[in-house]
Trainee: 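Structure below; questions to follow.
The first residue of the sequence shown is numbered 1, and numbering continues consecutively from there.
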Amino acid sequence: MENKFIPLECEDDVICFEKDTFKVSKLRELVIREIVNKWRREICTYKTKIKNDFVGSLFGRISTGDESIPFTEIQLNAVKDCQVLKSDGKGWQQGKLEIRIFIYPNSHKANNVCLEFYPDEPINIGLTLGNGKSNHRDTENTEK
């Protein structure tokens, strides 16, 4: 994926996968809930002795013999084909959604989900000037 992406920060934007459609706010909520539930389920399944069962407690600290290394952040990434309907009214755009999940095992900081949309079509970054004219130059029609 190229570096040009659209951060999906508006909670009312819509993401459509092959079989499901979600508002950004609902997708964030579902992703965090599913990660937390799966992690806790695995902890219970394997009957691991853990003092704190919130997400990340398994890897909050890694022992390397006599030393212990605390981790402040665990990150999970996924990329999925999708369509996005932004609330700005420009219609559906096809592309890829990058989902980045941040888990903070040694902190009271809330876990976080970042959604970044990489459209298949290039992003138009031309700005309109105060006079209504675009700041793009048309070099083919310029005469000297």
Trainee: Flag yes if more than 12 heavy atoms outside Q75 fall under 6.0 Å of its CD atom; otherwise flag no.
Mentor: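 For Q75, atom CD is crowded (more than 12 foreign heavy atoms under 6.0 Å).
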Trainee: Strictly below 4.0 Å, N to O, side chains only: are E11 and R28 in salt-bridge contact?
Mentor: yes
Trainee: Identify the residue among L8, I32, T21, L97 that makes a side chain to side chain contact (heavy atoms under 4.5 Å, CB included) with L27.
Mentor: L97
Trainee: Hey, are the side chains of I99 and L115 touching, using non-hydrogen atoms and a 4.5 Å cut-off?
Mentor: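 A side-chain contact under 4.5 Å exists here.
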Trainee: So do F102 and V113 actually touch side chain to side chain, heavy atoms under 4.5 Å?
Mentor: no
Trainee: Is the closest side-chain heavy-atom distance between E73 and I103 below 4.5 Å?
Mentor: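 Result no, sub-4.5 Å side-chain heavy-atom pair not found.
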Trainee: Starting from the C-alpha separation in whole Å, work towards a yes-or-no answer on side chain to side chain contact (heavy atoms under 4.5 Å, CB included) for F117 and C82.
Mentor: CA-CA 9 Å; F117 179 63; C82 72; 3.7 Å; yes
Trainee: Out of curiosity, does F5 fall in the hydrophobic cluster containing V14 (side-chain heavy atoms, cut-off under 4.5 Å, transitive links)?
Mentor: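 No, V14 does not connect to F5 through the hydrophobic network.
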Trainee: For the CD atom of Q83 and the CD atom of Q94, what is their distance to the nearest 0.5 Å?
Mentor: 4.5 Å
Trainee: Using side chain to side chain donor-acceptor pair (under 3.5 Å) as the criterion, list what pairs up with E34, not counting sequence neighbours.
Mentor: none
Trainee: Treat each ILVMFWY residue as a node, draw an edge where side-chain heavy atoms are under 4.5 Å apart, and state whether F17 and V31 are in one component.
Mentor: yes
Trainee: According to salt bridge (charged side-chain N to carboxylate O under 4.0 Å, His left out), does anything in residues 78-90 pair up with another residue at least two apart or in another chain? List the pairs.
Mentor: D13-K86, D81-K96
Trainee: I'd like to check Y118 versus K4 (side-chain heavy atoms, cut-off strictly below 4.5 Å). Are they in contact?
Mentor: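 They are not in contact (no side-chain heavy atoms under 4.5 Å apart), so the answer is no.
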Trainee: So, for P119 and I6, which heavy atoms are closest and what is the spacing to 0.1 Å?
Mentor: CG-CD1, 4.2 Å
Trainee: Do Y104 and T72 touch side chain to side chain, with heavy atoms closer than 4.5 Å?
Mentor: no
Trainee: Could you list the residues that satisfy side chain to side chain donor-acceptor pair (under 3.5 Å) with D12, not counting sequence neighbours?
Mentor: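 Applying side chain to side chain donor-acceptor pair (under 3.5 Å) to D12 gives K23.
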Trainee: Taking side chain as C-beta onward, heavy atoms only, is C10 less than 4.5 Å from V24?
Mentor: no
